[in-house]
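See structure below.
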Amino acid sequence: MGECQSRWPSVGESVQNSVVEKEVLAARVEAARAEGGHTSWCYHSRASLAHRYVAMTVPKVACTTIKMALQTWEGCGPPPERWGDVHASWAGPTLLAYPTAPIVEMLRSPDYLRFSFVRNPYSRLVSAWKSKLAWADPQYRQLRASIREACDYPVVDGQRAGPILFRDAVRCLLDDPGVFDDHWSLQVDLLVADVIDYHVVGRFERFDQQFHAILRRLDAPPEVVGIARRVFNPTQPMPLAAVYDPQLARRVYGLYIADFETFGYHKDSWRYE
């Protein structure tokens with residue numbers, strides 16, 4: 001009768017596998033750089049050789065607070081009253097601000113703390129609507145106009161007018177997600193989790209406690225911890241049941257099912273948050 005045997009890889013094989021993995025990762029980094037940089041590699045990431053961390057921020061998941069705290073630590077944070085500058089294209093340091101070899105090291109070495117935060121997809125979607133579509137944010141003027149057109153809003157003084165309803169925003173997102181930016185993207189996509197091996201993926205719902213724990217682990221100075229206690233660019237909370245019903249929640253769940261399943265948010269959480 002045959003015997004099933006398993007074999008641990010030898011030291012030489014392990015080293016060879018590690019070298020191959022780093023070469024593949026380096027090629028991935030170079031491809032991202034050549035393409036102009038996926039937003040996660042540049043715009044959403046913050047990384048530091050000096051303080052040994054890689055942070056991936058997610059829009060509408062305390063991203064401004066995270067960037068403000070880390071950029072203050074790096075000596076390039078704007079004054080608190082100009083918090084919006086943390087999202088400028090020149091802000092950083094981002095992953096792609098470094099040469100490829102250090103990036104590979106930051107993404108593989110246990111000496112670098114890699115972390116991110118995620119949020120209940122139902123509440124993240126509401127927050128994006130409230131901060132970008134429910135008021136006159138000039139950057140989203142065209143998107144609001146397209147939603148009014150698609151949903152046949154009344155014409156006033158020759159143009160469609162009226163506040164954007166949450167239901168209408170969701171309808172247009174489901175019909176044509178390509179016209180919406182990263183505020184509406186899947187969190188699993190933004191985290192680039194197939195490349196980045198995170199030590200901590202915290203939850204927005206416990207952000208204060210978990211982010212402060214990360215900063216203590218990194219030995220961040222009191223000034224940085226103080227910035228982390230501030231809330232920048234807030235949206236007023238509201239019960240999710242005020243804007244969702246079973247049919248709408250079911251459609252949103254279907255769109256963001258990868259986030260719900262990956263991060264452990266319940267499909268009926270819109271009923272009680």
Side-chain angles (χ1 to χ4, degrees), residues 37 39-98 113 115-120 123-144 163-164 166 169 180-185 187 190 200 202-238:
T39 51
S40 291
W41 290 94
C42 48
Y43 183 77
H44 298 308
S45 66
R46 294 294 181 268
S48 174
L49 289 172
H51 302 118
R52 294 184 173 270
Y53 66 77
V54 174
M56 187 63 70
T57 66
V58 174
K60 304 315 301 175
V61 188
C63 61
T64 303
T65 297
I66 295 171
K67 289 179 177 179
M68 277 289 294
L70 297 180
Q71 289 175 212
T72 297
W73 197 7
E74 300 302 322
C76 57
E81 66 273 13
R82 294 178 53 190
W83 55 263
D85 287 352
V86 297
H87 302 297
S89 59
W90 44 261
T94 69
L95 273 171
L96 289 187
Y98 298 96
L113 180 64
F115 68 92
S116 187
F117 281 86
V118 296
R119 184 176 187 174
N120 185 323
S123 64
R124 179 171 174 254
L125 189 58
V126 171
S127 182
W129 161 68
K130 291 178 71 174
S131 70
K132 306 302 177 186
L133 301 177
W135 73 285
D137 184 332
Q139 294 184 0
Y140 292 87
R141 181 181 296 109
Q142 185 57 46
L143 181 57
R144 289 192 299 274
I164 302 298
F166 179 68
F180 289 76
D181 66 20
D182 282 354
H183 289 85
W184 291 268
S185 295
Q187 295 170 89
L190 295 173
V200 179
R203 289 188 173 227
F204 176 83
E205 295 78 12
R206 297 191 293 273
F207 176 76
D208 287 347
Q209 175 187 355
Q210 293 181 336
F211 190 39
H212 292 159
I214 287 170
L215 293 176
R216 287 195 300 270
R217 183 172 170 180
L218 292 169
D219 293 323
E223 178 189 7
V224 173
V225 175
I227 290 289
R229 291 194 176 100
R230 299 188 59 170
V231 179
F232 298 91
N233 193 24
T235 53
Q236 293 301 313
M238 64 186 302

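Treat the numbers as computed from the prediction; the structure is a model and nothing was measured.
Taking the side chain as every heavy atom from C-beta outward, R124 and P59 approach each other to under 4.5 Å. Taking 4.5 Å as the limit, some side-chain heavy atom of L70 sits within range of a side-chain heavy atom of Y53. Between H87 and Y43, some side-chain heavy-atom pair lies under the 4.5 Å cut-off.
At distances below 3.5 Å, at least one donor-acceptor pair connects side-chain atoms of Y98 with backbone N or O atoms of A47. T65 contributes a side-chain N or O that, together with a main-chain N or O of R230, makes up a donor-acceptor pair within less than 3.5 Å. Side chain of W129 to backbone of L125: no donor-acceptor contact under 3.5 angstrom is found. The backbone N or O of S123 lies less than 3.5 Å from no partner atom in the side chain of S127, so there is not a single donor-acceptor pair. E205 contributes a side-chain N or O that, together with a main-chain N or O of N120, makes up a donor-acceptor pair within less than 3.5 Å. At distances below 3.5 Å, not a single donor-acceptor pair connects side-chain atoms of R144 with backbone N or O atoms of P163.
In summary, the side chains of R119 and Q187 do not present any donor paired with an acceptor at a separation below 3.5 Å, with no hydrogens or angles considered. S48 and E74 are linked by a side-chain donor-acceptor pair at a separation below 3.5 angstrom, with hydrogens and angles left out of the test.
Here W73 contributes atom CH2 and M68 contributes atom CE; the two are 15.5 Å apart, rounded to the nearest 0.5 Å. If you take CD1 on I227 and OG1 on T72, they are separated by 4.5 Å, rounding to the nearest 0.5 Å. Distance check, rounded to the nearest 0.5 Å: CG of L215 to CZ of R217 gives 12.0 Å. Note that NE2 of H183 and CG of L143 are 11.5 Å apart. Values are rounded to the nearest 0.5 Å.
Judged by the 6.0 Å distance and 45° axis criteria, K67 is not positioned over the aromatic ring of F117.
For the residue pair H44 and T57, the shortest heavy atom distance occurs at O-OG1, 2.7 Å.
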Please determine whether side-chain contact (heavy atoms from CB on, under 4.5 Å) holds for the pair L218 and H51, giving the CA-CA distance in whole Å, both sets of side-chain angles, and the decisive distance to 0.1 Å. CA-CA 7 Å; L218 292 169; H51 302 118; 5.9 Å; no
After noting the C-alpha distance and the side-chain angles of R203 and Q210, does the key distance pass the side chain to side chain donor-acceptor pair (under 3.5 Å) rule? CA-CA 8 Å; R203 289 188 173 227; Q210 293 181 336; over 6 Å; no
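L190 pairs in a side-chain contact (heavy atoms from CB on, under 4.5 Å) with only one of the listed residues (S45, S116, S185), which is S185.
A parallel orientation is assigned to the rings of F207 and F211, their planes being inclined by less than 30° (bins at 30° and 60°). Between W184 and Y140, the ring planes are perpendicular. Angles over 60° get that label, and only those under 30° would be called parallel.
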